[in-house]
Structures are given as C-alpha cells and as structure tokens.
Amino acid sequence: MRALLDTHAFLWWVTDDPQLSSTSRSIIADSGNILFLSVASVWEIVIKTKSGKLTLPEPVEEYIPNRLALNRFESLDIQMTHTLQVANLPNIHRDPFDRILIAQSQVENLPIVTIDQKIAQYSVETIW
C-alpha cells in the first residue's frame, strides 16, 4: 500500500502519541507500505515550530530529515499538477496545507492517513 501522511499523523507517529489510531499505527508500522510526507507538511511544521506552536526535541531542519530516514518515509514534492488541482477543489476546507494534501492525494491516487473529517468530505480515500 502507498499512502500520504497528514501532518498530525506524521507527528503523532514519530512522538508515539496515543491519539494515533490503531489502524493508522498498523499501516505506518507495516514495512511493506510506502508512506509519503508532503513537503507541504514539512513547511507547516517549520511554520508552527518557528511561531512557537510546536516544540521539537531538535532543530526542525534536523528533526524532519532524521525522522524521514528513521521511518523510511518518502518525501512528496509539490508539482504544478498538484497546485493546479487545487483549483478544482470545493471550498470545504480552507487550510492551504490540507488543500494541497488533498490535491496531491487526488493526482497521485494516494489515500491520506488523517483524522480530519473535512478532508474525508472530498473525493479522496482517508484512513484512520
């Protein structure tokens, strides 16, 4: 299985947060799966860290690459096709980070590991 991690799913996995569902834990723990973290999520984490809304145990520029490598997650770059797909999305979700994740999910045909019910209202597969 291939899947895209929402920002909170990534953070909850790497911090062993109990809010992460057992289904999500099983999918992330399965080494046969290919899991992606969007650079949009990395950007969101950087912004939250720099604004003081999120504290990490090491500098963000070390933390993210280290956790990607440790967990064998792939980075998903934002392509023009992803950004153009945002134009086709209804205004259910106003968060620009989530909107690009939805577009990436649609273009790349990747389910999204997320608890966000607004994302589930789009034509994407969600896993929680």
Side-chain angles (χ1 to χ4, degrees):
M1 161 185 258
R2 298 170 61 233
L4 177 60
L5 298 173
D6 198 349
T7 308
H8 65 270
F10 168 76
L11 289 170
W12 291 353
W13 171 258
V14 298
T15 61
D16 197 27
D17 192 304
Q19 295 179 83
L20 190 64
S21 73
S22 59
T23 300
S24 297
R25 280 187 192 284
S26 295
I27 288 168
I28 296 170
D30 185 339
S31 62
N33 292 332
I34 300 171
L35 301 171
F36 295 90
L37 183 69
S38 172
V39 296
S41 292
V42 175
W43 184 19
E44 181 179 17
I45 292 167
V46 167
I47 289 171
K48 287 184 176 186
T49 302
K50 295 301 178 183
S51 70
K53 293 181 181 179
L54 177 65
T55 303
L56 299 175
E58 59 189 349
V60 68
E61 58 273 18
E62 295 172 17
Y63 187 80
I64 300 296
N66 289 345
R67 296 315 179 276
L68 288 176
L70 180 67
N71 291 283
R72 298 188 336 249
F73 296 153
E74 300 287 330
S75 174
L76 180 60
D77 291 338
I78 298 173
Q79 304 297 322
M80 185 169 302
T81 55
H82 300 148
T83 59
L84 293 173
Q85 179 63 20
V86 172
N88 298 315
L89 299 178
N91 279 334
I92 299 167
H93 211 313
R94 297 198 182 267
D95 183 300
F97 297 109
D98 289 326
R99 291 180 64 78
I100 195 68
L101 293 181
I102 293 161
Q104 287 181 302
S105 169
Q106 291 176 339
V107 170
E108 302 299 331
N109 196 30
L110 294 169
I112 303 175
V113 179
T114 185
I115 194 173
D116 190 331
Q117 293 303 310
K118 286 185 181 178
I119 291 176
Q121 294 177 41
Y122 288 88
S123 60
V124 295
E125 180 184 351
T126 59
I127 300 167
W128 192 251

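Residues take their numbers from the sequence shown, with the count starting at 1.
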**Message:** Closer than 3.5 angstrom, by distance alone: can the side chain of Ser105 be matched with the main-chain N or O of Leu110 as a donor-acceptor pair?
**Reply:** yes
Hydrophobic clustering (ILVMFWY, side-chain heavy atoms < 4.5 Å, transitive) - are [Y] and [X] grouped together?
X	Y	value
Leu5	Ile34	no
Val46	Leu56	yes
Leu20	Leu68	yes

**Request:** Identify which one of Leu37, Thr126, Asp98 satisfies the side-chain contact (heavy atoms from CB on, under 4.5 Å) criterion when paired with Asp6.
**Result:**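 Exactly one pass, corresponding to Asp98.
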Between [atom1] of [X] and [atom2] of [Y], what distance do you get to the nearest 0.5 Å?
X	Y	atom1	atom2	result
Ile102	Ile119	CD1	CD1	5.0 Å
Leu76	Gln104	CG	CD	4.0 Å
Asp30	Arg25	CG	CZ	15.0 Å
Ile92	Arg99	CD1	CZ	8.5 Å
Lys48	Thr55	NZ	OG1	12.5 Å
Lys118	Asp116	NZ	CG	7.5 Å

[X] side chain near [Y] side chain, heavy-atom distance below 4.5 Å:
X	Y	answer
Phe10	Val42	no
Asn33	Ile28	no
Leu11	Leu54	yes
Ile27	Leu35	yes
Leu101	Thr114	no
Asn71	Trp13	yes
Ile115	Ser21	no

**Asked** Can you list every pair that meets ring pair (Phe, Tyr, Trp, His ring centres under 6.0 Å) and has a residue in residues 81-128, with sequence neighbours left out?
**Response** His8-Trp128, Trp12-Trp128, Trp43-Phe97
**Prompt:** Quick check: are there more than 12 heavy atoms from other residues, nucleotides or ligands sitting under 6.0 Å from CD of Glu58?
**Reply:**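 Above 12, so yes.
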**CG (Asp77) with more than 12 external heavy atoms under 6.0 Å** =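 Enclosed.
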Closest heavy-atom contact between [X] and [Y]?
X	Y	value
Leu4	Ser38	CD1-N, 3.9 Å
Gln106	Leu89	OE1-CD2, 3.3 Å
Pro111	Arg2	CD-O, 3.1 Å
Phe36	Ser75	CD2-O, 4.3 Å
Arg67	Val14	CB-CG1, 3.9 Å

